[in-house]
Amino acid sequence: MVKRIPYILFLFSAIFNYGQVTLAISEVKDQKVNQKFNLTVLLEISGENMEQETPLKMPDFSKFNIVGSASERNTVVLDASKGTVVDQLVYQYVLSPKQPGKIKIGSVLVTVNGKIYKTEPFDINVRENEKISSVADNDRNDLYLNLEVRDKVVYKNEPTIAVLRAYSRNYDNFRKVGNIQFGHQRHVSIKPVSLAKSEIESNSGIASQVIGVFMIFPSETGSIEINPITASYNISTKANKITSNKVTLNVKKLPGGMPANFKNAVGQFKADVFNPNSSEIPEIDKPVNIQLKLAGSGNLGSLNLPKLLESPDYVFYSPKISTQTTTNKKGLSGTVTAEYVVVPKKSGFVKVQFEDFSYFDPASGSYTDLGAKEILLNVKTPQEIADNKSPLEKMNEYTNTVLETVNTPVLQTHNLKIKDKNTINWNIVFGNLALLTGFVSLFLIVMHRKEKRKLKRKTTVAPSSSLSIAETEELLRKNLTYPFAETIEYLKKLKDNKDFTTFFETYDELHREAKKHFYASSDSEFRSILEQTKGQQVAEQYRVLSGKIQIEKFAPFHNEEEITNLYNIINNLYSDINK
């Protein structure tokens with residue numbers, strides 16, 4: 001028993017010391033290459049006589065990219081149960097593994113009162129991932145691109161939005177990126193929506209900026225890999241190339257129930273057939289212009305237009321196809337026009353008919369058949385056209401023919417003769433004076449109405465002399481407050497009516513007024529003000545909402561559930577902001 005006493009005393013001493021110094025590290029199990037994660041170290045020292053003699057010695061991070069700068073937070077708290085002061089030190093890194101395999105995180109060391117404390121080492125299993133190419137000349141000039149696709153599962157020929165975002169720790173790097181290019185590849189068509197740069201955002205120690213938004217049209221089913229997008233990166237007086245990651249799309253087959261006349265139109269369309277020269281009477285054996293116009297949004301650049309049907313009543317020539325499209329946040333929209341030259345071969349009513357046309361609507365997941373478009377021409381013979389003319393029309397036509405074919409020198413001489421202008425035309429003088437007088441009178445009336453409106457506005461805003469100071473301040477506050485509650489209610493009506501375009505425009509106005517209310521000139525400044533006045537949670541909710549709004553705006557088709565979710569977030573967030 002006597003021999004065990006030193007061992008027991010040593011054990012109690014160890015337990016006592018362990019209770020006074022706590023050193024811990026957050027363990028991370030499975031990660032992917034280039035996937036960011038937080039590594040946190042916690043050091044707690046309790047007791048008045050405990051002194052930290054060395055700084056924390058971190059393990060070797062050579063197999064990781066240090067994405068975010070280490071952050072340190074040192075706080076002193078009072079342990080009420082023990083009556084001692086606890087010194088807490090939190091040290092954090094944002095890391096990303098460079099290569100796959102098993103990577104060991106070594107021990108963290110610290111010396112307190114002559115004793116060395118350390119954490120237990122542990123292993124991280126790193127798996128392969130889609131690699132993101134990057135360019136870096138030193139730790140301060142690291143920058144890489146990431147291509148984010150909103151919907152990776154789409155139908156064949158259905159457009160999807162892709163956002164190209166640049167990441168860096170140095171804000172100055174973003175102005176060095178430009179000349180974005182995407183090469184031609186099979187089974188995919190890429191069209192730019194916007195190459196304007198967004199505001200710079202910062203999260204977990206790394207900044208990001210949207211530098212391009214694109215529309216992708218897959219033309220085949222199955223798994224399709226989108227090649228990286230390249231950009232120039234000007235550093236050290238020379239231009240380098242930086243590439244984004246590859247993205248894989250899962251392109252689904254169109255569902256069953258396909259109409260027999262369906263070809264490849266995916267989106268929302270409407271068709272119309274018309275004669276641009278409808279005021280002219282169609283004449284047999286004379287050409288007539290017939291146009292088929294297809295308008296809407298979808299794969300306008302690659303769809304097959306309905307063809308003109310052959311008939312013994314007319315002949316036609318190959319059409320001239322013209323496309324007028326714009327790529328915007330809603331997708332690819334515009335018109336495609338097929339202009340035919342049709343020559344009628346008989347008099348009377350001639351029906352010019354096109355093929356049936358149908359399209360697939362991804363929003364509803366169903367097919368829509370627009371049927372066959374046609375136009376009816378009332379064709380006349382030359383004799384019928386001449387008989388239907390009035391005597392005055394015949395005389396005018398004969399006169400025009402004479403003037404065009406017969407040389408009349410006398411008429412030509414009189415047309416070229418210039419009249420003498422030595423006398424003053426008093427009618428013109430008085431007319432100009434009257435016109436000038438009218439302008440002056442109109443100006444005076446407008447200025448008088450402006451003064452009346454200013455006076456009325458001052459009368460409305462000015463408080464009564466009988467009001468107290470508190471009542472006056474309340475009146476001014478109501479006059480200067482933006483109607484947030486009414487705007488939120490209006491957003492709900494727009495959501496219920498599915499007027500999504502006006503919904504986003506109204507939110508932008510609400511967002512601008514909120515920033516103006518807090519005297520913020522940018523989104524970043526507004527987020528900082530929210531964090532200071534409303535708390536970190538509200539600021540984080542605003543950051544998440546801004547990202548969702550930006551992505552949803554670019555969507556070619558809006559989902560009602562997504563819009564409802566956005567409305568709920570906007571309602572909750574701006575209710576907290578407006579408190």
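Each residue takes its place number in the sequence, starting with 1.
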_When you compare the side chains of Asn250 and Ser223, does any donor N or O come within less than 3.5 Å of an acceptor on the partner?_
no
*Closest contact, heavy atoms only, Gly365 versus Pro255*: O-CG, 4.4 Å
*Tell me, please, which residues at least two apart from Glu560 pass salt bridge (Lys or Arg N to Asp or Glu O under 4.0 Å).*
Lys498
*Atom OG in Ser208, atom CZ in Phe174: separation rounded to 0.5 Å?*
6.5 Å
*asked:* When you measure from the side chain of Asp361 to the backbone of Ala363, do you find a donor-acceptor pair of N or O atoms at a distance under 3.5 Å?
replied: yes
_Residue among Ile226, Val163, Leu249 satisfying side-chain contact (heavy atoms from CB on, under 4.5 Å) with Val149_ = Leu249
*Would you mind checking if Asp285 and Lys345 are paired as a salt bridge, meaning a charged N to carboxylate O distance below 4.0 Å?*
yes
*How close do Pro276 and Gln291 get, heavy atom to heavy atom, and via which atoms?*
CG-NE2, 3.8 Å
*Could you tell me whether the side chains of Ser232 and Asn179 share a donor-acceptor contact shorter than 3.5 Å?*
no
*Taking the side chain as every heavy atom from C-beta outward, state whether Pro100 and Arg127 have any atom pair closer than 4.5 Å.*
no
*Centre of Tyr567's six-membered ring, under 6.0 Å away, within 45 degrees of the axis: is that where NZ or CZ of Lys495 sits?*
yes
_Regarding Asn572 and Ser575, do their side chains bring together a donor and an acceptor under 3.5 Å, going by distance alone?_
no
*Would you indicate whether the side-chain heavy atoms of Met258 and Tyr367 approach each other to under 4.5 Å?*
yes
*Closest heavy-atom contact between Gln181 and Ile229?*
O-CG2, 3.3 Å
*Do any N or O atoms from the side chain of Lys197 and from the backbone of Val177 form a donor-acceptor pair under 3.5 angstrom?*
yes
*With a 4.0 Å cut-off, would you call Arg543 and Glu540 a salt bridge?*
yes
*With the side chain counted from C-beta on, respond yes when Ile549 and Leu566 share a heavy-atom pair under 4.5 Å apart, and no when they do not.*
yes
*State, yes or no, whether a side-chain contact exists between Thr243 and Leu145 at a heavy-atom distance under 4.5 Å.*
no
*Look up atom CD in Glu280 and atom CG in Asn289, then write down how far apart they are to the nearest 0.5 Å.*
9.0 Å
*Considering the options Leu377, Leu308, Val341, Asn277, which one meets the side-chain contact (heavy atoms from CB on, under 4.5 Å) requirement together with Ile290?*
Leu377
*Between Lys191 and Phe217, what is the shortest heavy-atom contact and its length?*
CD-CE1, 4.1 Å
*What is the minimum heavy-atom distance between Lys156 and Val266, and which atoms define it?*
O-CG2, 3.4 Å
*asked:* Checking the side chain of Thr323 only, and the main-chain atoms of Val336 only, is there a donor and an acceptor separated by less than 3.5 Å?
replied: no
*Whether over 12 other heavy atoms sit under 6.0 Å from Tyr317 OH*: no
*Would you say the side-chain atoms of Tyr542 and His511 include a donor-acceptor pair closer than 3.5 Å?*
yes
*Salt bridge between Arg527 and Glu199, side-chain N to carboxylate O under 4.0 Å?*
no
*Which pair of heavy atoms, one from Asn378 and one from Ile281, lies closest together, and at what distance?*
O-CG2, 4.4 Å
*When rounded to the nearest 0.5 angstrom, what distance separates CD in Glu148 from CG in Leu164?*
8.5 Å
*Would you give the length of the straight line joining atom CG of Asp172 to atom NZ of Lys176, rounded to the nearest 0.5 angstrom?*
4.5 Å
*Using modelled atom types only, decide if a donor and an acceptor are shared between the side chain of Ser168 and the backbone of Leu143 within a distance under 3.5 Å.*
no
*Check the pair Ile161, Met215 against side-chain contact (heavy atoms from CB on, under 4.5 Å), reporting the backbone distance first and the verdict last.*
CA-CA 5 Å; Ile161 287 289; Met215 188 75 67; 3.6 Å; yes
*Do NZ/NE/NH1/NH2 and the carboxylate oxygens of Lys516 and Glu513 come within less than 4.0 Å?*
yes
*Are any of the side-chain nitrogens in Lys492 or Asp496 under 4.0 Å away from the carboxylate oxygens of its partner?*
yes
_Could you check whether atom CD of Glu374 has more than 12 heavy atoms from other residues, nucleotides or ligands sitting under 6.0 Å from it?_
yes
*Look at the side chain of Glu355 and the backbone N and O of Lys307, then say whether any donor-acceptor pair between them is shorter than 3.5 Å.*
yes
*asked:* Does either side chain, that of Asp369 or that of Tyr359, offer a donor lying less than 3.5 Å from an acceptor on the other one?
replied: no
*Short side-chain to backbone donor-acceptor contact, Glu339 and Pro319, under 3.5 Å*: no
*NZ of Lys373 to CG of Leu292: how many Å apart, nearest 0.5 Å?*
9.5 Å
_I want to check something: taking the side chain as every heavy atom from C-beta on, are Pro228 and Asn245 in contact at a cut-off of under 4.5 Å?_
no
_Check against side-chain contact (heavy atoms from CB on, under 4.5 Å), Val288 and Val343_ = CA-CA 6 Å; Val288 179; Val343 181; over 6 Å; no
*Without swapping roles, check the side chain of Asn568 against the backbone of Thr564 for a donor-acceptor pair under 3.5 Å.*
yes
_The test is side-chain contact (heavy atoms from CB on, under 4.5 Å); show your working for Leu573 and Val538 and say whether it passes._
CA-CA 7 Å; Leu573 176 61; Val538 174; 3.7 Å; yes
*Do any N or O atoms from the side chain of Asn264 and from the backbone of Asn304 form a donor-acceptor pair under 3.5 angstrom?*
yes
*Check whether the ring centres of Tyr155 and Phe360 lie less than 6.0 Å apart, and answer yes or no.*
yes
*Give the C-alpha distance, both sets of side-chain angles, the deciding distance and a yes or no for side-chain contact (heavy atoms from CB on, under 4.5 Å) between Lys252 and Val154.*
CA-CA 6 Å; Lys252 301 183 294 184; Val154 293; over 6 Å; no
_pair Ile570-Leu545: side-chain heavy atoms closer than 4.5 Å_ = yes
_Within-4.5 Å side-chain heavy-atom neighbours: Glu283 and Pro382_ = yes
*Within 45° cone and under 6.0 Å: Lys515 NZ/CZ vs Phe526 ring*: no
*In Å, rounded to the nearest 0.5 Å, how long is the span from CZ of Phe214 to CD1 of Ile180?*
5.0 Å
*Kindly indicate whether the side chain of Tyr490, heavy atoms from C-beta on, has any atom under 4.5 Å from the side chain of Thr502.*
yes
